[in-house]
Amino acid sequence: MSSAPAVDSQLLCQLEDVKKSYPMGDLLVQALKGVSVGITAGEFTAFAGPSGSGKSTILNLIGCLDRPSSGRVLLEGKDVATLGDAELGDLRARRIGFIFQSFNLIPVLTAYENVELALRLAGAPEKGQREVVQEALRSVGLADYMTRRPAQLSGGQQQRVAIARALVKKPALIIADEPTANLDSKNGAAILDLMKTMNAENRTTFLFSTHDAMVMERARRIIRLADGEIVSDDAAGPAAAGA
Amino acid sequence: MRLLVSLALRNARRNVRRSLLTAVTILLGVALLTCGMAWTRGAFGGILDKGANLMGPVRIVKAEFAKKEQLMPLADNIADVAPLLTLARATPGVTGAWPRIQMPVTMTVGEDIGEHFALVQGAPNEWFDRALDLSHHLVEGRMLQSDDEVVMGMTAASDLGAKLGDDLILLGQTQDGSISPIKVKVVGLSDLGSGAQNRFVYVPLAKMQWMADIPDGATEILVYGTTREDALPISAALTQALAADPAYAALVVNRWDERPPFSAMSGLVGALQSIAAGVIVFITALGVLNTMLMSVLERTAEIGVMRAMGMRRGSTVLLFVMEAMGIAAVGGAIGALVGSVIAYYWLELHGINLGNAVNKMPPGFAIDAVIHGDWEPYMLVQAFALGLVMAVVGGALPAFRAAQIEPVEAMRSRR
Amino acid sequence: MSYPMTRQITSTLAGALVVLFALVFSPRAQAVTVAELLDKIDANMTYDTRESYLTMTVTKADRVKVYKMHSYGRGQNEAAMEYLEPARDKGTKMLKNADELWMWLPSVEKTQRISGHMLRQGMMGSDMSYEDMMDAAKWRTSYSGVVAGEETMDGRACWKVQLTANSPDVSYPKRTIWVDKTAFIPVRQQLFALSGTLLKSWTMTDIRSVAGRQFPFKMTVTDEVQTGSKTEIQFDKVTFAVPLQAEVFSTRWLER
């Protein structure tokens with residue numbers, strides 16, 4: 001099932017016949033071969049597929065970390081190609097949060113500071129930042145670990161800090177690249193439930209790239225990819241009804 | 001910004017060994033700079049001081065005299081020096097002013113008719129002491145006490161074959177060009193350390209005035225302050241004072257560094273110092289560049305994440321430059337201190353003995369065999385600042401490299 | 001008269017005119033003139049013996065110095081001079097014989113030979129150099145030249161002659177002289193460097209008859225390179241054919 005080709009202003013994000021290739025040595029690898037999809041605000045959607053299917057590439061494009069080779073990527077109605085480097089940076093800082101498979105916390109900063117950095121880069125006013133950061137950490141259950149450095153935190157705790165970091169600026173969209181891959185099932189489940197709650201409470205859109213069944217169980221929409229193309233797009237996954 | 005600084009400084013401590021290496025590189029560079037500054041200031045300063053003292057830091061002469069100076073034109077003299085001396089001595093900052101007549105003469109000792117030339121310095125004893133410290137450089141005999149006595153530079157004496165106690169005839173000219181001989185006795189021999197100055201013959205001013213037939217005058221009035229840097233304000237004040245009186249319209253005031261050979265030199269010395277400093281900064285910066293580049297390459301993913309979070313390229317550059325500067329601050333501070341200690345205790349107080357190399361210097365450059373550095377507190381600050389410059393120069397390239405990292409790297413490098 | 005006759009007379013007259021023309025304006029006649037002139041000048045300026053008293057006034061920009069001297073001369077090569085005034089220079093003596101020039105300095109009781117670079121300096125600071133003094137009587141051998149015309153100079157009819165030195169060690173490579181036609185005295189001279197720069201001008205005036213010869217009692221040398229510098233020599237008394245003792249022109253005379 002594919003979305004209408006015309007620009008739909010209701011959509012948070014829209015891809016129109018997007019192709020992406022990048023060079024690997026002398027070869028040109030085609031990561032995406034013409035993908036069109038629309039994401040509405042508030043979705044809890046998983047991109048699934050084997051390695052090399054292009055799911056990470058799609059998230060990169062949606063997250064404005066990269067540009068398409070052809071086709072259009074629209075974010076909140078705006079064509080990403082028209083935005084300059086600085087504007088994209090601003091967009092990412094304020095509207096998009098990232099959660100990575102390997103947490104990617106800054107090792108020399110404390111949990112508090114990692115979250116604070118994200119808030120700073122988003123350009124939030126100085127006043128009241130302290131409270132906001134603390135609240136973010138509290139909401140992921142790490143109120144007592146604020147002064148710990150990543151090296152002093154467990155995998156699950158680190159990922160929670162990452163979530164807090166992604167959420168603290170109240171973004172419209174959170175992109176999570178295999179967030180549970182480095183966590184045990186207990187922590188993984190806890191993290192996912194946390195995200196689900198955020199999605200329910202704040203209407204934050206969550207987009208996942210994943211192999212993990214736990215993620216797919218909770219997703220309300222599953223878009224499957226293979227060889228750079230969408231092969232299926234189930235608007236109502238197994239958990240859809242339980243949203 | 002505070003967070004950025006904090007982050008930068010903490011990053012500096014991540015790889016302690018590497019940061020230490022960078023710091024030591026900067027330490028050495030800064031210490032070397034400090035010593036270099038002290039050395040050139042001392043070595044050149046000594047030459048410049050001697051030159052300035054001999055030529056007179058500030059000089060009043062007739063404009064015509066200055067134009068034809070190479071010919072030493074006695075006819076273009078200041079006929080009555082007394083009022084000008086009073087004027088000069090009353091000028092603020094002036095510690096002394098004296099008249100001088102320089103004249104090339106032929107020298108004869110005994111019965112031989114000579115073809116030996118010497119340059120006579122005719123001046124009062126106070127000038128000989130102030131400008132040349134002559135009484136402390138006598139190797140034989142004593143200073144001048146009466147008008148019929150002379151002190152000879154030892155090279156002039158040995159060229160002529162003259163000894164202490166000999167009667168000399170000096171054949172010069174009056175200001176009108178008539179041949180003018182005087183008969184004098186050699187009462188002292190001097191060694192001022194330089195070949196050229198040891199060919200001087202020192203004659204009392206009164207005798208020179210008679211010889212040149214310039215009864216109350218001289219060809220030059222030399223004016224001194226406390227240090228040679230005083231030349232600038234003194235010459236400005238004197239120029240103004242002379243301009244106010246039409247009687248002095250034919251006179252001109254010039255500074256030692258406006259006259260050859262120093263007029264060509266001062267720019268040269270500054271240029272040489274800048275080049276030397278530049279080379280040290282560059283080499284040290286290369287060391288910094290090397291270590292910083294490694295840091296950047298190691299932290300590619302992390303930088304990608306920060307860029308993904310919205311950090312601008314400019315901030316990324318700043319982050320790395322500040323990291324380098326943090327290391328430089330530590331290395332530079334210690335380096336400046338170490339360098340200052342060496343510069344002061346070894347270079348300035350102890351000095352370096354050049355030995356025989358001194359005798360091969362060109363005339364006009366007077367050097368002692370032992371050269372001392374001259375350390376000044378400002379060098380500590382300047383060297384430290386240059387250390388920070390090293391950090392910026394060395395860290396700039398890696399920093400820009402870091403800024404080029406695309407956020408997508410955050411995703412890619414952990415596959 | 002018949003036509004052939006007229007023609008004969010005309011051609012004879014024409015022929016005579018051509019011969020006359022050639023005689024008057026032949027180049028051969030000109031070459032003789034320059035050598036003759038130089039001989040006559042040298043003859044006028046030399047003598048067996050001469051004694052004179054003279055005053056030399058040296059003017060430079062704003063300073064004027066007056067010297068009084070007493071001098072002896074014999075032939076072309078020997079001259080002796082003693083300064084009488086001013087007091088500072090009184091007793092200073094100069095001696096020229098053959099190729100040497102000596103000076104006696106009374107204040108230091110020393111004889112100094114003048115040689116090398118000193119020869120080109122002005123004597124006592126005047127515009128006449130020691131060399132000028134020594135070269136005076138050798139024009140016939142030192143120079144050759146051409147007569148360049150006739151001009152009136154200081155009210156006297158003169159030949160203008162351009163001389164070029166015969167060898168490189170002559171002090172003035174080029175001279176232009178105006179020779180009085182009757183007195184055979186170079187009343188005016190211009191002395192040039194090899195480049196053509198005018199170095200000095202020399203005039204001889206106040207020409208009087210003394211013992212059967214013409215003698216200029218006043219000479220003025222002007223330095224054309226340095227403005228305001230000139231030297232005037234005024235002879236107060238000149239006597240020729242004076243009996244002189246041989247030792248006047250020896251270094252012993254200097255030291256007496």
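Values reported hereafter were calculated over all heavy atoms of this structure, with side chains retained and with hydrogens, waters and symmetry mates removed. All chains are named by letter (A, B, ...) in the order of the sequence lines, taking the proteins before the strands, and each is independently numbered beginning at 1.
- The CD1 atom of Ile106(A) sits 10.0 Å away from the CZ atom of Arg299(B) when rounded to the nearest 0.5 Å.
- Contact of Arg94(A) with chain B is not made at all, since no heavy-atom distance falls under 4.5 Å.
- Remark: Ala276(B) pairs with no residue by the side-chain contact (heavy atoms from CB on, under 4.5 Å) rule, at least two apart or across chains.
- Distance alone, capped at 3.5 Å, places no donor-acceptor pair between the Arg92(A) side chain and the Met309(B) backbone.
- Contacts of residues 155-162 of chain A with chain B at a heavy-atom distance below 4.5 Å are absent; not one residue qualifies.
- Classification of Asp90(A) and Arg312(B) as a salt-bridged pair holds, one side-chain N sitting under 4.0 Å from a carboxylate O.
- Side-chain atoms of Asn104(A) and Glu302(B), non-hydrogen and from C-beta on, never get closer than 4.5 Å to each other.
- Within 6.0 Å of atom CZ in Arg67(A), more than 12 heavy atoms from other residues, nucleotides or ligands are found, so the atom counts as buried in its surroundings.
- Nearest heavy atoms, Phe100(A) versus Ala308(B): CZ-CB, 4.4 Å.
- Residue Asp184(A) places its CG atom among more than 12 non-hydrogen atoms of other residues, nucleotides or ligands, all under 6.0 Å distant.
- Shown here are the ring-ring contact (aromatic ring centres under 6.0 Å, His included) partners of Phe44(A), two or more places apart in sequence or in another chain: Phe206(A), Phe208(A).
- Interface remark: Arg313(B) contributes side-chain atoms only to the contact with chain A (heavy atom separation under 4.5 Å).
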Carefully, step by step, assess Arg307(B) and Leu121(A) under the rule side chain to side chain contact (heavy atoms under 4.5 Å, CB included). CA-CA 10 Å; Arg307(B) 296 273 289 128; Leu121(A) 291 173; over 6 Å; no
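- For the residue pair Ala93(A) and Gly310(B), the shortest heavy atom distance occurs at CB-CA, 3.9 Å.
- Scanning residues 4-12 of chain B against chain A with a 4.5 Å heavy-atom cutoff picks out Leu7(B), Arg10(B), Asn11(B), ordered by number.
- The line from CD of Glu116(A) to CG of Leu3(B) is 5.0 Å long, rounded to the nearest 0.5 Å.
- Within a 6.0 Å radius of OH in Tyr112(A), more than 12 heavy atoms belonging to other residues, nucleotides or ligands are found.
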